[in-house]
Amino acid sequence: MKFIDNKGITDPYINLALEEYVLKNFGEEDTYLLFYINAPSIIVGKNQNSIEEINTDYVEENNIKVVRRLSGGGAVYHDEGNLNFSFITKDDGDSFHNFAKFTEPVVKALNSIGVPAKLEGRNDLLVEGRKFSGNAQFSTKGRMFSHGTLMFDSEIEHVVAALNVKKEKIESKGIKSIRSRVANITEYLDRQMSMEEFKNLILCSIFEVEDVADVPRYELSEEDWENVYEISRNRYQRWEWNFGKSPAFNKKVSHKFPSGLLDVRLDVKKGIIENCKIYGDFFGIGEVEDIENRLIGVRHERVAIEEALTEVDIPHYLGKITKEEFINLIY
């Protein structure tokens, strides 16, 4: 495994492009670790409806960037008090959905500095029942990344104000206040520590070295950076990617499954599905457009929907949500 230094860049448009570039262009068998810190921004999950995940007024007033990432999962708030880590590696068939594998080195590092962190639920790291890290994954063509946040010293009031957290999500966790659910790592340290020192401690622990200078690294070339900036321009800086168009719909159904929230919008006219959009914070591998396209033009009746989805492996797209659960939801 090698560490990739992002040169202190805090622009989420660049950092997400760097992650994608390494994923899609570096050695098939190699593993890389990337750290990045973003300026205030909301990073929304691949299949989320961005505009519904954010507090628009607050985001505009505070010049907070909204950027869509490649991985599924829910929206997260980033700022200079939050350290992001990303393990970029081979998808060996057993690693996707295995959050324990990738969070374990981070948990171990935190435990070593006295933070009683542990993985709980689907993809969260908690300390004494309070969340300080959300994790997500993306897989493509035999490669994958598993990335997560580490709220070291984030502005928690901004986290609460910037995001619109769905009622189903709060109710499913049995907690009324988001503020009471989240924590900063600094609250659990026995001494003051800068972000730089924290970052180096985590790095040394993961690579099992005494000195940060001994961490094996991959140095990005000028050509690498040019390619990263091109991906940033073509994807992450584009409104079409970050927000996209929300189609008109007259039927909305949603349900919080154990594996994530699924929210389906249908535009049904004269009994025919004219448009379909699937949103949610589930972790699938396939592009949900495949399901949406199969349902367009289909009669809105159970038999027709079942027939349209006969050859579709629903869990491949929606994670651990079955075909029957999906059909029961939309019909």
Side-chain angles (χ1 to χ4, degrees), residues 1-46 65-73 76 78-80 82-92 95-96 102 105-106 135-150 195-196 198-200 202-204 206-209 211-244 285-287:
M1 181 162 70
K2 288 184 178 173
F3 176 65
I4 294 178
D5 187 350
N6 80 329
K7 306 299 180 194
I9 289 169
T10 58
D11 183 344
Y13 294 149
I14 305 301
N15 285 327
L16 293 187
L18 172 58
E19 187 174 49
E20 178 178 349
Y21 175 69
V22 174
L23 174 78
K24 293 183 176 175
N25 294 280
F26 283 34
E28 280 179 32
E29 300 296 322
D30 299 328
T31 297
Y32 298 92
L33 174 64
L34 180 65
F35 278 176
Y36 54 93
I37 293 168
N38 285 326
S41 48
I42 293 174
I43 312 299
V44 297
K46 169 79 181 290
K65 285 180 177 173
V66 177
V67 194
R68 185 182 302 281
R69 61 178 188 266
L70 289 174
S71 61
V76 285
H78 287 186
D79 63 14
E80 289 90 345
N82 175 69
L83 176 65
N84 303 286
F85 63 90
S86 182
F87 290 96
I88 304 166
T89 189
K90 180 182 180 181
D91 183 359
D92 57 11
S95 298
F96 197 75
F102 296 102
V106 177
N135 293 266
Q137 295 178 339
F138 175 70
S139 171
T140 180
K141 296 175 182 172
R143 298 285 289 166
M144 68 170 285
F145 61 64
S146 188
H147 56 189
T149 55
L150 289 173
M195 172 64 94
E196 192 61 25
F198 173 69
K199 196 163 77 171
N200 289 340
I202 299 292
L203 208 48
C204 287
I206 289 172
F207 282 93
E208 298 178 335
V209 295
D211 192 313
V212 75
D214 297 328
V215 170
R217 295 164 189 261
Y218 174 88
E219 294 296 332
L220 293 161
S221 67
E222 208 167 296
E223 187 186 351
D224 287 329
W225 280 113
E226 283 169 13
N227 291 329
V228 169
Y229 278 87
E230 188 180 0
I231 292 170
S232 175
R233 282 191 300 274
N234 292 339
R235 190 194 297 279
Y236 298 101
Q237 293 179 39
R238 290 172 64 88
W239 181 90
E240 290 81 0
W241 169 255
N242 293 323
F243 288 93
I285 294 173
E287 299 287 339

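Since we're looking at a predicted model, the values are computed, not measured. Below, each value reflects all heavy atoms present in this structure, side chains not excepted, and no hydrogens, waters or symmetry copies.
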> Minimum heavy-atom separation for Ala17 to Val228, with atom names?
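Minimum heavy-atom contact is CB-O, 3.4 Å.
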
> Could you list the residues that satisfy side chain to side chain donor-acceptor pair (under 3.5 Å) with Asn38, not counting sequence neighbours?
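With sequence neighbours excluded, Asn38 shows a side chain to side chain donor-acceptor pair (under 3.5 Å) to Asn15, His78, given in chain and number order.
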
> Do Phe26 and Tyr218 make the cut of ring centroids closer than 6.0 angstrom?
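That pair passes the under 6.0 Å test.
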
> For the ring pair Phe145 and Phe138, is the centre-to-centre distance below 6.0 Å?
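Under 6.0 Å, so yes.
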
> Distance check, rounded to the nearest 0.5 Å: Glu196 atom CD versus Ile37 atom CD1?
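Glu196 CD to Ile37 CD1: 7.5 Å, rounded to 0.5 Å.
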
> Yes or no on side-chain contact (heavy atoms from CB on, under 4.5 Å) for Phe87 and Val106, after CA distance, side-chain angles and deciding distance?
CA-CA 11 Å; Phe87 290 96; Val106 177; 4.2 Å; yes

> Sub-3.5 Å donor-acceptor pair from the side chain of Arg68 to the main-chain atoms of Val44, do we have one?
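No; judged by distance alone, with no hydrogens or angles, the pair does not exist.
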
> So if I apply the side-chain contact (heavy atoms from CB on, under 4.5 Å) rule between Arg143 and each of Asn25, Ile88, Asp91, which one comes out positive?
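Of all the options given, the one that passes is Ile88.
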
> Indicate yes or no: at least one non-hydrogen side-chain atom of Val76 is less than 4.5 angstrom from one of Ile42.
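No; the side chains remain at least 4.5 Å from each other.
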
> For Arg217 and Phe3, indicate whether the former's side chain and the latter's backbone hold a donor-acceptor pair under 3.5 Å.
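Here the side-chain-to-backbone pair does not exist.
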
> For the atom pair CG (Leu16) and CG (Asn242), what is the distance rounded to the nearest 0.5 Å?
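Here the interatomic distance stands at 9.0 Å.
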
> Test of understanding: with side-chain contact (heavy atoms from CB on, under 4.5 Å), list the residues that count as partners of Glu29, not counting sequence neighbours.
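Once residues adjacent in sequence are excluded, the partners of Glu29 under the side-chain contact (heavy atoms from CB on, under 4.5 Å) criterion are Lys90.
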
> Is any side-chain heavy atom of Phe85 closer than 4.5 Å to one of Ile206?
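Ile206 does not reach Phe85 side chain to side chain.
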
> Roughly how far apart are Phe198 CZ and Met195 CE, rounded to 0.5 Å?
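Between Phe198 CZ and Met195 CE, I get 7.0 Å after rounding to 0.5 Å.
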
> How long is the straight-line distance from CG of Leu83 back to OH of Tyr36, given to the nearest 0.5 Å?
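The distance works out to 10.0 Å.
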
> Do the non-hydrogen side-chain atoms of Lys46 and Ser71 ever get within less than 4.5 Å of each other?
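Sidechains of Ser71 and Lys46: no contact.
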
> Could you give the distance from CG (Leu70) to CE (Met144), rounded to the nearest 0.5 Å?
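Nearest 0.5 Å value for the CG-CE distance: 13.0 Å.
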
> Return yes if some donor-acceptor pair links the side-chain N/O of Ser41 with the main-chain N/O of Ala39 below 3.5 Å, else return no.
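The answer is yes, because a donor-acceptor pair under 3.5 Å joins these two groups.
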
> May I ask you to test the Asn84-His147 pair for a side-chain heavy-atom distance under 4.5 Å?
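A side-chain contact under 4.5 Å is absent here.
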
> Where is the tightest heavy-atom contact between Ser139 and Ile285, given as atom of each residue plus distance?
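Of all heavy-atom pairs spanning Ser139 and Ile285, the closest is O-CG2, 4.1 Å.
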
> Report yes if some heavy atom in the side chain of Met1 is under 4.5 Å from a heavy atom in the side chain of Phe207; otherwise report no.
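Met1 reaches Phe207 side chain to side chain.
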
> Taking side-chain contact (heavy atoms from CB on, under 4.5 Å) as the test, write out the residues that go with Asp30, two or more places apart.
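Only Tyr32 meet the side-chain contact (heavy atoms from CB on, under 4.5 Å) criterion with Asp30.
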
> Does a side-chain N-to-carboxylate-O contact under 4.0 Å join Glu20 and Arg235?
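So Glu20 pairs with Arg235 through a salt bridge.
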
> Roughly how far apart are Leu220 CG and Leu18 CG, rounded to 0.5 Å?
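If I round to the nearest 0.5 Å, the distance is 6.0 Å.
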
> Holding to side-chain contact (heavy atoms from CB on, under 4.5 Å), I want the full list of residues that pass it with Asp11, two or more places apart in sequence or in another chain.
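In terms of side-chain contact (heavy atoms from CB on, under 4.5 Å), with neighbours along the sequence ignored, Asp11 is linked to Ile9, Tyr13, Ile14, Lys65.
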
> Using only heavy-atom distances, determine whether the side chains of Gln137 and Ser146 contain a donor-acceptor pair under 3.5 Å.
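Short answer, yes.
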
> How would you list all residue pairs meeting salt bridge (charged side-chain N to carboxylate O under 4.0 Å, His left out) that involve residues 221-233, not counting sequence neighbours?
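Found none.
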
> Considering only heavy atoms from C-beta outward, does the side chain of Ile4 approach that of Val22 to under 4.5 Å?
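Ile4 vs Val22: side chains touch.
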
> Test of understanding: with side-chain contact (heavy atoms from CB on, under 4.5 Å), list the residues that count as partners of Lys7, not counting sequence neighbours.
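Only Asp5, Glu219, Trp225 meet the side-chain contact (heavy atoms from CB on, under 4.5 Å) criterion with Lys7.
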
> Evaluate the side-chain proximity of Glu80 to Pro40: yes if any heavy-atom separation is below 4.5 Å, no if none is.
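Yes, side chains in contact.
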
